[in-house]
Number of protein chains: 2
Amino acid sequence: MIKRSKQKETILRVLRSTSSHPGADWVYDQVRREIPNVSLATIYRNLRLLKEAGYIQQADSSSEHGRFDGNTGAHYHLRCEKCGRIFDLNEPIRRSIEARVARRTGFKVTGHRLEVTGLCPECQ
Amino acid sequence: MIKRSKQKETILRVLRSTSSHPGADWVYDQVRREIPNVSLATIYRNLRLLKEAGYIQQADSSSEHGRFDGNTGAHYHLRCEKCGRIFDLNEPIRRSIEARVARRTGFKVTGHRLEVTGLCPECQ
DNA sequence: TTATTTGCAAATCATTTGCCCGAAG
DNA sequence: CTTCGGGCAAATGATTTGCAAATAA
């Protein structure tokens with residue numbers, strides 16, 4: 001961690017205390033119990049810093065905004081982390097994982113999404 | 001499609017003409033070439049309607065906002081489409097797909113993300 | 001006709017930024 | 001000391017919504 005601070009430490013501890021993959025507002029509420037006057041901006045700032053430093057991850061597919069796909073068939077995606085372009089993959093769809101997860105978790109599984117990330121030939 | 005309109009048809013055609021997984025603004029620009037006074041609001045409205053009706057998909061992990069994860073180890077996620085909660089899966093990580101994709105696409109692959117979606121026991 | 005859809009502008013929502021002050025190294 | 005982090009409020013950017021007029025069924 002570049003520079004420690006009470007707020008960074010609290011954010012990290014709060015985030016490690018749960019497996020609920022919370023959003024910034026939930027973290028804000030929790031941190032406020034210890035540091036009542038933290039700013040929401042500080043939460044956002046530090047979540048980003050902690051992520052960039054590798055202390056935490058983001059559970060959802062990057063911070064990308066809505067990207068639409070006219071192809072309704074099941075297929076996986078390949079995303080370039082530099083230019084942001086998304087390509088279709090023609091890997092076979094692995095349905096077996098859905099049944100296994102359904103059996104082990106009690107979920108009624110409706111599908112799955114796989115995204116491979118990296119650098120495209122032009123961006124390398 | 002519940003009720004057809006020139007704008008819905010144009011949006012669908014534009015989206016099916018590319019595999020670039022564009023965002024709403026790109027679709028807007030394209031549609032404007034045929035219907036110069038479309039509103040961006042119409043684009044958003046119809047993208048949502050078309051998605052709900054199953055005519056198109058969203059390439060990114062739903063429209064979820066930032067969700068953070070204090071667990072930095074590689075792991076997959078299970079998301080409930082109703083309540084939005086995200087759970088960790090302890091499925092084995094399949095690194096083999098990364099090498100295969102790298103070989104076939106020329107990408108420098110840095111990782112992959114797998115998310116299984118469905119309804120959690122409480123939401124079913 | 002009658003229910004939907006559109007375009008417009010204003011409203012939201014999550015997230016970011018500018019600025020000045022206080023804290024860390 | 002001097003740089004970096006924090007709090008606040010204002011700014012931003014994407015997406016949504018309210019509403020009267022236009023359009024599809």
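Just so it is clear: chains get the letters A, B, ... in the order the sequence lines come, proteins before strands, and each one is counted from 1.
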Trainee: So which nucleotide from C/dT17, D/dG6, D/dG7 ends up closest to the side chain of A/Arg48?
Mentor: C/dT17

Trainee: Would you classify A/Asn37 as touching base, sugar-phosphate or nothing, given that sugar-phosphate means primed atoms plus P, OP1 and OP2, and contacts are heavy atoms under 4.0 Å?
Mentor: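 Result for A/Asn37 = sugar-phosphate.
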
Trainee: Kindly say if B/Ser5 contacts the phosphate of D/dT23, meaning a side-chain N or O under 4.0 Å from OP1 or OP2.
Mentor: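 Checking D/dT23 against B/Ser5, no side-chain N or O comes under 4.0 Å of OP1 or OP2.
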
Trainee: Compare all side-chain heavy atoms of B/Val116 with those of B/Arg79 and state whether any distance is below 4.5 angstrom.
Mentor: no

Trainee: Which nucleotide sits closest to the side chain of A/Lys3: D/dC8, D/dT17, C/dA24?
Mentor: C/dA24

Trainee: So if I take every side-chain heavy atom of A/Lys8 and compare against D/dA9, D/dG5, D/dA14, which nucleotide ends up nearest?
Mentor: D/dG5

Trainee: D/dG6 phosphate, OP1 or OP2: any side-chain N/O from A/Asn46 under 4.0 angstrom?
Mentor: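 So the side-chain polar atoms of A/Asn46 do come within 4.0 Å of the phosphate oxygens OP1 or OP2 of D/dG6, strictly under.
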
Trainee: Looking at every strand, decide which applies to A/Gly23 at a 4.0 Å heavy-atom threshold: base, sugar-phosphate, or nothing.
Mentor: nothing

Trainee: Decide whether a cation-pi geometry holds between A/Arg85 and A/Phe87; the criteria are a distance under 6.0 Å from NZ or CZ to the six-membered ring centre and an angle within 45° of the ring axis.
Mentor: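 A/Arg85 over A/Phe87 ring: no.
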
Trainee: One thing to verify: whether A/Lys6 and A/Glu9 come together as a salt bridge, which I'm taking to mean a side-chain N less than 4.0 angstrom from a carboxylate O.
Mentor: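 No, A/Glu9 and A/Lys6 are not salt-bridged.
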
Trainee: Can you measure A/Leu49 atom CG to C/dT16 atom C1' for me and round it to whole angstrom units?
Mentor: 12 Å

Trainee: Taking only side-chain nitrogens and oxygens of A/Gln7, does any of them come within less than 4.0 Å of OP1 or OP2 of C/dA23?
Mentor: no

Trainee: To the nearest Å, give me how far apart CG (A/Leu40) and P (C/dT17) are.
Mentor: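 Rounding to the nearest Å, CG of A/Leu40 and P of C/dT17 are 14 Å apart.
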
Trainee: Could you work out which one of C/dG7, D/dT16, D/dC8 sits closest to the side chain of B/Arg45?
Mentor: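 In terms of side-chain proximity for B/Arg45, the closest of C/dG7, D/dT16, D/dC8 is C/dG7.
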
Trainee: Hey, is the side chain of A/Arg4 pairing donor to acceptor with the base of D/dG5 inside 3.5 Å?
Mentor: no

Trainee: Please determine, by modelled atom types, if A/Lys108 and B/Gln124 share a side-chain donor-acceptor pair under 3.5 angstrom.
Mentor: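 Side chains of A/Lys108 and B/Gln124: no pair found under 3.5 Å.
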
